[in-house]
Every structure is written in structure tokens, then in C-alpha cells.
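Take a look at the structure set out below.
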Amino acid sequence: MFINGIWIDSSDEKKIPVFNPATGSVISEVPSASIEDVSFAAESAKESFVAGTWSRITPGERAAVLLKVAQMIEDRTQELAKLETSISGKSIKQTLGYDLPYTVDNIRFIAGASRMLEGKAMGEYVQEGTSAIRREPIGVIGVITPWNYPLMMVAWRAFPALAMGNSVIVKPSSYTPLTTLELAKMMEKAGIPKGVFNVITGPGGKVGEELAKNKNVDMIAFTGSTEVGKRLSELGSSTLKKVSLELGGKAPFIVFSDADIDAATEGAIVGGLVNNGEDCANSTRYYVHESVKDKFTDLLVKKLMKVKVGDPMDPITDIGPLISSSHRDRVEGYIKKGLDQGGKLLYGGNRPTLRGMENGFFLNPAVIYTENQKSDIVQEEIFGPVFSVLPFSTYEEVISKSNDVIYGLGSSVWTKDVKTAMNAVKDLRFGTVWVNEHVPVPSEMPWAGYKQSGHGASLSAYSLEEFSYIKHVYFDLTGKVRKSWYYQIYGGQ
Ligand code: NAP
């Protein structure tokens, strides 16, 4: 672990294994932090914050360090992409072509944006004074990240926090800590002051909870499941910590009767399968107008047959294994429930046989046709390659069904009619609505949830606001001993 600028093992010497999901074998082990290690990290981070070695330097000076790290990540793209693929199971095509370059772009954007944050400029809101807004760092931020985008989720949360002058303790997922530890090496090399950037590893139930309870930690930035987000909200309330939550999703993908079905099915495959179907933005509920339902499902299945499930290190692989054996069991459990609750399996859902990778956690994508809006596969986040296709007949019906889940993260609408698209944009209760597209979010735009998908924003300048306090400063302009409003105490005297 990297705490206070030094590399240390857990004080009680415990370790946890790291697996390669493609082979099921252990490829490394990392320390399992003790409660004392968490306290040490929190104290060191607090000391660094108070010392001002980072919090009181200029945004430009901080940006220079973060940009150096972005450059190091870019220089090591090949190596880091391989490492990310070996711990997460996502295809090398994706880590090389998307995860790493996008992460570098996220960091470059946030480093630059932090230099041009606008508060309200001096304004004459009262006759006798003038006001200004300052944005100031919050203090020590505990950043708890998931396994699905190991390095990128640190970029989305720790980098805006750092750019605003906070000190940070990252607790990566126990499945995927290795690239975050590599990042700590790059931070050290880039010259981040000691205590400002720390990484502690170990089980969330212990290490993550301890961070949320620790009095030296001022805020938790959590990206993960809705269930754990609720737990962290509870724990944070004991010290009234700010808890920023980026949680689960259950994106609808709405295909109106006038949609380009070729484009919609193409987008449906990518929307459903990107990141092995383990992406909070994945399209999972395909509401297709009854007049085009058969055309859509036939083409979807035909195109899915060409998707190659296999060794994630092979450049021609489209999707790799799921993250763990227990997660695959969970996804298979959902497929079974979907069928038990009235669904019809149109494609896949079985385990492929892959020579040399018999112990990997692979699963072929599944397509289930169902008319049961209350089915678990329609209501709950599966986080795997499972497509639920449902028919609809009216605009009102599909909007109501799309909004009828606890989540509100991503959604998409496929139509050629501007009026239909714009009405849907307005009526869908989701943080993002794509029109004739599903998944992309440029670094400049926010990624945020409605409802139980959390609150707060990642990416964009909004993520900088997330990691700062707002301070009002009032200057007297009269120089008078007795100002006009003092009559409230002194009366007319
Ligand atoms: P998770 O089980 O909630 O775990 C996320 C992180 O929290 C891990 O570091 C985990 O550590 C830790 N953790 C687990 N239990 C904890 C507890 N009681 N207290 C504190 N920390 C705890 O989620 P996941 O399975 O890693 O990731 C998948 C989820 O992330 C999905 O729901 C997905 O939608 C969501 N996600 C959301 C976004 C977004 O932007 N909204 C982005 C990516 C992912 P261990 O690994 O040690 O258990």
C-alpha cells in the first residue's frame, strides 16, 4: 500500500489474492489493511491537507503534477492495458482502444478545467458592500472504487478531488487493485507531496467501512452498487460526512416504430455488451414497438451470433469473462429467474467451452423476450450480458415502463422523429439520455444519476464542484462605524 509517501504492508501482515478471471488462477496478492493502517492513512492525509503542501498551492501547480501523471499513463498504455485486462477480464481491444486513452483524456480535461473554475464574480448585491464566492477544498476524501473500470473510476473521482486541493485515500476493489497501485507509483514519480495521495487495499466491508467512519476523513466518494452506497450513507451520517454516490443503473433502450432497425440493433449490441455487460451504462431493457419487435429481435440475434466470446488478451475477442465465479452464478441465476417469470430464451445464456480457459468465468450473451415488466430481469441490475426485450404499443406506456425502476442513470431513444425524441428526453427520469446512440460521454459532460443511481456528478467541471466547499466573502464598502441596517439593534439613536 502507499501511505504518507511510503510503500508498506498491512500492519498485521494479512494479504488477499488477486485473480485472473480468464483462467481463474491467482496472479498476485496485495495487503489487506488493518484498522490501524486505515487510521494511519487518514491521519497522514489530514496532516498533508493542513500543512498546505498541496491544498494551498495554485491550481496551475497542481495541474502540472496531474498532467505529468496523465503523460506517464499514456506512455505506459500497452503495459497498463494488459494489466487491466488480466485483472478485469475485459477485452484488450477495449482497454487499449478505449479505457486507457479515455482515462488520460479525463485527467487532462480535469487538470485544465480546475484552472478556470468560475465562482460568481464580485457583485453589487447590496448598497453598502460587495460579495465574492470562493471555492475551497473539503479536506480528506476517501475514494472507494469498483472493479468494472479500475483505473478510470479513480480518474473520475480522485483526480477532480486532487485538482481542487484535497488529499485523497483510494480504496480500490479487491478484485482489481493492481492498476491503482501502479498509479500510486506514477503519482510518487510525478512529485505529489507525501500524504496527499494514498492507496489502501483490503475488503470493503472492513477497510471501506472504516474509512467512512473515520473522523479524519471529511468526505466519501463512492462508485459501486446501490446497496453498498446506502450502507456508506448510513455510516457517513455519524460524522455528517458528505457522501457522493455513483451507483447502479438499469438503462432502457427504446426503439420506436420509425427507428432505423439496422442502426438500433448495432447500437443495442454495443450498448449491452460493452465492458462484458458489466457497465453501469449498459442498455439492459430493450423496449421495442410491437410493429418492429420481430424484425428487431431477429436481427439482434443474427448479429449476436458473430460476437466472439474468448481470451480477453486476444485482439479479436469481443467480450471476455465475467469478473468472478460467484458473479457468473449470480448472472445465470437472473437468466433462470427471467425464464421462470414468463420469459422466453431467444439466444445464448450458456457457458462456452474455451480450450485452455476451462476455469475462466465465461458466459455467452443471453437474449430473453418477456412481457413481464415486474420480472427481476427487468427491475434489477444484473451487471452481465443479458438482453431483456419487451414490446410496447404507445409512447405513454413505454415512458412509464422505462421510468418504472429504482434506477436513473443512462437511457436511450431510437427514432427519426425529432418531436418524439425531444419529448422522451424531457420525460425520461435519467441522468443521461442518448438519442440514436448509447454509451458515449465526453470528458467535458457530466455523468450523474437520478433516483437510486446516486447523486453528484463525475466528469465535467461539475465534478470539481463536488469536491469543494463554497464560501461567501462579504466586504464592507462604507467604512462607516454605524451601517444603515444597525437600526435593528440601535433603533433611531
Ligand atoms: P460494490 O460491491 O458496491 O463494491 C464497490 C467498492 O466498494 C469496492 O471497492 C468494494 O470493496 C467496496 N465495498 C464493498 N462493501 C463495502 C462496504 N460495506 N463498505 C464500504 N465499501 C465496500 O460494487 P462492484 O461490484 O465493485 O461494482 C459494480 C457496481 O458499481 C454496479 O452496481 C455498477 O452499476 C456500479 N458502478 C456505477 C458507476 C457509476 O458511474 N454510477 C460506475 C461504475 C460502476 P471490495 O471489492 O473489497 O468488496
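Just the heavy atoms: all of them, side chains too, but no hydrogens, waters or symmetry mates, feed the values below. Each ligand, and each atom within it, is numbered from 1 in the order the structure gives.
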Legend entry - Residue pairs passing the side-chain hydrogen bond (donor to acceptor under 3.5 Å, both in side chains) test where at least one lies in residues 22-31, sequence neighbours excluded: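 side-chain hydrogen bond (donor to acceptor under 3.5 Å, both in side chains) check on residues 22-31 returns T23-S25.
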
Mind listing the side-chain donor-acceptor pairs of residues 439-448 below 3.5 Å, one per line with the distance, residues two or more places apart or on another chain?
{"unit_1": "S443", "atom_1": "OG", "unit_2": "D105", "atom_2": "OD2", "d": "2.7"}
{"unit_1": "S443", "atom_1": "OG", "unit_2": "N106", "atom_2": "ND2", "d": "2.9"}

Legend entry - Residue pair H438 / V270, side-chain heavy-atom distance below 4.5 Å: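 In short, these two side chains do not touch, never coming nearer than 4.5 Å.
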
Inset, instruction - Kindly confirm or rule out a cation-pi arrangement of K337 over Y334, judged by NZ or CZ under 6.0 Å from the six-membered ring centre and within 45° of its axis? - result: yes

Inset, instruction - Might you list the protein residues in contact with ligand 1, defined as having a heavy atom under 4.0 Å from one of its atoms, sorted by chain and number? - result: I144, T145, P146, W147, N148, M153, K171, P172, S173, S174, G202, P203, G204, G205, G208, E209, F222, T223, G224, S225, V228, L232, E246, L247, G248, G249, C280, E381, F383, L409, W447

Which atom pairs, one a donor and one an acceptor, fall under 3.5 Å between side chains of residues 142-155 and the rest of the protein, sequence neighbours left out?
{"unit_1": "N148", "atom_1": "ND2", "unit_2": "E278", "atom_2": "O", "d": "3.1"}
{"unit_1": "Y149", "atom_1": "OH", "unit_2": "D279", "atom_2": "OD2", "d": "2.5"}

Legend entry - Short side-chain to backbone donor-acceptor contact, E74 and L100, under 3.5 Å: no

